[in-house]
*Asks:* 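Here's a structure for you.
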Amino acid sequence: MNISFSGCGFLGIYHIGVASCLKTYAPYLLENKICGSSAGAISACCLLCDIPLDDNNDRRDKDYMRRRNRKAH
């Protein structure tokens, strides 16, 4: 089975949720091909490289807040 995460910035949080569930409840599905584009590629890379998905989520939130604060000034 192949898994593909679509691209779209605001869907990134959903990709992280799906990736977390796959990692926890169906790790056997992660033995084959995984791909993605844009935000989906980040989640796919986290799964392939075994990067904790929570770290990715925290980094994304901090980056969003930094950019939001910069625009407000």
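Index from 1, following the sequence.
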*Asks:* Nearest heavy-atom pair of L22 and L29: which atoms, and what distance?
*Replies:*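 In terms of heavy atoms, the two residues are closest at CD2-CD1, 3.8 Å.
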
*Asks:* Which value, rounded to the nearest 0.5 Å, describes the distance between S37 atom OG and I42 atom CD1?
*Replies:*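 Atom-to-atom, S37:OG and I42:CD1 are 10.5 Å apart.
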
*Asks:* For G36 versus A44, what's the shortest heavy-atom pair and its separation?
*Replies:*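 Shortest heavy-atom contact: N-CB, 4.2 Å.
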
*Asks:* To the nearest 0.5 Å, what is the distance between SG (C35) and CG (L47)?
*Replies:*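 C35 SG to L47 CG: 11.5 Å, rounded to 0.5 Å.
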
*Asks:* Would you call S6 and H15 a side-chain contact if the rule is heavy atoms closer than 4.5 Å?
*Replies:*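 The answer is yes; the side chains approach within 4.5 Å.
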
*Asks:* Could you grab the distance from atom OG of S43 to atom CD1 of I13, nearest 0.5 Å is fine?
*Replies:*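 These two atoms lie 9.0 Å from each other.
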
*Asks:* At their closest point, which heavy atom of A19 faces which heavy atom of F5, and how far apart are they?
*Replies:*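 Looks like CB-CZ, 4.3 Å.
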
*Asks:* Can you measure from CG (L30) to CD1 (I3) and round to the nearest 0.5 angstrom?
*Replies:*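 Between L30 CG and I3 CD1, I get 5.5 Å after rounding to 0.5 Å.
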
*Asks:* For a quick test of reading the model, state the closest non-hydrogen atom pair linking G7 to S38 and the distance between them.
*Replies:*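 Heavy-atom minimum between the residues: CA-CB, 3.7 Å.
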
*Asks:* Any chain of hydrophobic side-chain contacts (each under 4.5 Å) joining Y28 to V18?
*Replies:*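 Y28 clusters together with V18.
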
